[in-house]
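Everything on this sheet refers to the single structure shown next.
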Amino acid sequence: VAAMMKIILVTRKNWIGVSRLPAALHAAGFKVGALCPKGSYLSQSEYLDFCPAYDSGLSRRNVYRLLSEAVREWRPSFVMAGDEYGGWFLRYLCEGAEADVVDEDCVALVNASLGLYEQRIPLERKSMLGRIARSLEIDFPEEIVSPNAEQARDFAAQHGFPVVLKRDYTSAGLGVM
């Protein structure tokens with residue numbers, strides 16, 4: 001069944017890591033498309049079957065329009081964020097951003113691909129990762145959520161250094177101290 005399925009990756013930045021996804025998805029039997037900036041590492045993958053690349057300075061509104069056109073033209077089975085920026089882009093679409101340029105079929109596909117918004121929130125909240133990992137029986141280091149400076153010092157004294165601080169709703173190492 002996967003051999004007939006098409007997946008389109010959506011990115012807003014030029015990251016090397018996302019350029020490896022098409023090979024893995026192709027090996028799993030998918031036809032792979034990408035909506036990404038022109039000249040990006042992803043746009044140059046030999047494993048893409050469809051790639052309506054856009055100028056990196058193109059407005060979010062116009063990229064939404066391109067996504068809607070790509071969904072109409074290529075008829076993917078799934079839409080997948082290739083990076084955090086693509087995830088935010090798709091989330092804003094689900095929240096109704098630029099609804100006048102995106103057709104209902106595109107929004108429905110993105111919602112079906114990403115799942116219910118309420119279920120996606122934990123993925124953006126780093127403070128919930130430990131609880132999620134432990135519920136899946138995955139080892140996760142000791143943690144404390146939202147400490148003040150005194151609580152952080154007490155935690156470090158009890159558990160030792162190094163201590164890593166991470167803000168919610170950040171990505172790519174931003175907000176790590």
Cationic N near anionic O, under 4.0 Å, Glu143 to Arg131: no

Sole candidate of Val110, Leu93, Val79 that passes side chain to side chain contact (heavy atoms under 4.5 Å, CB included) when paired with Val10: Val79

Ring-ring centroid check Tyr92 Tyr64, cutoff 6.0 Å: no

Aromatic plane relationship, Phe155 with His159 - under 30° parallel, 30 to 60° tilted, over 60° perpendicular: tilted

Nearest heavy atoms of Thr11 and Cys36, plus distance in Å: OG1-CB, 3.2 Å

Glu69 side, atom CD; Leu35 side, atom CG - distance, nearest 0.5 Å: 10.0 Å

Residues which pass ring pair (Phe, Tyr, Trp, His ring centres under 6.0 Å) with Phe140, listed by chain and number, not counting sequence neighbours: none

Sub-4.5 Å side-chain heavy-atom contact between Asp55 and Pro37: no

side-chain contact (heavy atoms from CB on, under 4.5 Å) evaluation trace for Leu42 with Leu9: CA-CA 9 Å; Leu42 178 58; Leu9 299 168; 4.1 Å; yes

Sequence-distant partners of Asn62, side-chain hydrogen bond (donor to acceptor under 3.5 Å, both in side chains), two or more places apart: Ser59, Arg65

Aromatic plane relationship, His26 with Tyr47 - under 30° parallel, 30 to 60° tilted, over 60° perpendicular: tilted

Where Asn111 and Cys94 come nearest, the two heavy atoms and their spacing: OD1-SG, 3.2 Å

Common cluster, Tyr41/Leu21, ILVMFWY with side-chain heavy-atom separation under 4.5 Å: no

